[in-house]
Asker: 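This is the structure I want to talk about, given as structure tokens.
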Amino acid sequence: MYDRIKGFRDTYPESMGARRWLFDTVESTARGYGFREIDTPALERTEMYVDKSGEEIVEELYSFEDQGGRDVALTPELTPTVARMVAERGQELSKPIKWFSTRKFWRYEQVQQGRFREFSQTNVDIFGSAEPDADAEILAVAAEMLTELGLQPDDFEFRVSHRDVLGGLLESFDDEDATDVDTEAAIRTVDKRAKLERPQYLDQLVAAGLSADQAERFDDLLDTPESELDELVAFADNDRVSKAIENLQAVLAAADDLGVREYCTLSLSTARGLDYYTGTVFECFDATGDVSRAVFGGGRYDDLIGDLGGPDTPAVGFAPGDATLSLLCQRAGVWPEESLTTDYYVLTAGDTRSQAAAVARELRSRGHVVESDVADRGFGAQLDYADSIGAETVVIVGEQDLESNEYTIKDMDSGDQTTVPVDEFPGDLERPTFADFA
RNA sequence: UCCGGGUUGGGGUAGUGGUUAUCCUUCAGCCUUGUGGAGGCUGAGACGCGGGUUCGAUUCUCGCACCCGGACCCA
């Protein structure tokens, strides 16, 4: 026996159904908004990720040298690839570009709840619009995906924030006494606010360049409720903050029009750990807190495509993954039961293979899932098998039945059965069952 | 990389320094050559890997792997 690679998962038929359902739902929602599906390579040059994230990132990549001497890596994310695609086609593409893609990604990370080394993600992005409507549409698609999965408003919430509000506030402190605030470090600290002990948290803010007093005040500002956002503008007296708040309010107003405002909560302490976000950021959380980490997140990253060598292109998107999304669904009780279903089992008894095959063919041509014996099993064993695959109806094509020119139709749920003349099954019926002949 | 808890047939488990390693389930076959979800019988199938201690290790011990949480990180 060979070991399965740590962090990689096998999926058996019973659970595959649920995963299919998950991604089918997610994808059809994206399609409904006009997002177009793309596909991308599983392998890219390692350099692409190093340029974006620094040399350390190599430790978290599955990277190697290929036979042609190229340094390549299994893709840990989609964004650089998409940036390349956008750069390559440039003006040729009509804006906004709305793309989605469901794929596997690989990251050499520590395995934890909701986190594996191989995972699937659906990336949904809009490129080429800096308008708040684009941010709001992203929030709307994301929320609708969850409600389509059967989640209720009290199952999840989107914590919405804005990178420039945080950045601008920090900037205003910076101006205040000409200290040198490390904005990115401060924002990363904010992102950890809930996890850190308060003194430790404040210490980290101080380490990022704020004075102890400023750290306290800054933190207080993060609790500003939505209704008092305007006061933040007055406080900061800073162009960047006022623009950011105006933008955030516009996004929320547009989200309201799109019918997803109820899922969004203002949460200035939601920062996303990433440095490249530039505007709206949001994280989806399980409302009960049973799923302790963010289910997924997203936001605006207007500089990234340009930084990666593409044309300056505003962008906003998000990416739900299978691991955390299924946790959320399970917690909310909407994860489908993991068992097999089969429409028909065509049972053979005696030498009736060609007749049975004809019946199966007829039923399959109507679009049904039909199984028949391929293991040379006896009557009882075939029924046993039909039971194990969750067959709804068993069509018995047996020598005895054929003598009287009939089939026997058996309902597996009740065990009831009846006979029907050969030329009446399936006849004109699309989906004949026991009830049609009882 | 770090911290905590795990690992006994396919799944779930009992147990022991020397046993034919327990039970349930599963799977295959039969009782039953035309009736599954009930019963009976037969069969298949396990001590994660490696080292150490020992006359003897599944049991004690160390290391590793993997699994479940968590920290760091999270593109």
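Letters go in sequence order (proteins before strands), and every chain restarts at 1. In this text the structure is predicted, and so the values were computed from the model without any measurement.
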Asker: B/A28 phosphate, OP1 or OP2: any side-chain N/O from A/R377 under 4.0 angstrom?
Answerer: yes
Asker: Checking all strands, does A/G398 fall into the base, sugar-phosphate, or nothing category for heavy-atom contacts under 4.0 angstrom?
Answerer: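 It contacts base atoms.
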Asker: Under a 3.5 Å cut-off for both contacts, is B/C2 paired Watson-Crick or G-U wobble with anything, and if yes, with which nucleotide?
Answerer: B/G70
Asker: Describe the nucleic acid contact of A/G7 in one word from base, sugar-phosphate, nothing, applying a heavy-atom distance below 4.0 Å.
Answerer: sugar-phosphate
Asker: Atom CD of A/E56 and atom P of B/C72: how far apart are they, to the nearest Å?
Answerer: 18 Å
Asker: So, OP1 or OP2 of B/C72: does either fall under 4.0 Å of a side-chain N or O from A/K192?
Answerer: no
Asker: Please state how far atom CZ in A/R117 lies from atom C1' in B/C74, giving the value in whole angstrom units.
Answerer: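 Taking CZ of A/R117 and C1' of B/C74, I get 14 Å after rounding.
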Asker: Nearest-Å distance, CZ (A/R4) to C1' (B/C67)?
Answerer: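 Between C1' of B/C67 and CZ of A/R4: 9 Å.
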Asker: Any cation-pi pair here, A/R159 with A/F282, using under 6.0 Å and within 45°?
Answerer: no
Asker: For a quick check of understanding: with a heavy-atom distance under 4.0 Å over all strands, which category does A/G415 fall into, base, sugar-phosphate or nothing?
Answerer: base
Asker: B/U35 phosphate, OP1 or OP2: any side-chain N/O from A/K410 under 4.0 angstrom?
Answerer: no
Asker: Of the options B/G36, B/U35, B/C73, whose atoms approach the side-chain atoms of A/T408 most closely?
Answerer: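 Within the option list, the nearest is B/U35.
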Asker: Think A/Q113 has a side-chain N or O under 4.0 angstrom from the OP1 or OP2 of B/G70?
Answerer: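 So the side chain of A/Q113 is within the cut-off, an N or O lying under 4.0 Å from OP1 or OP2 of B/G70.
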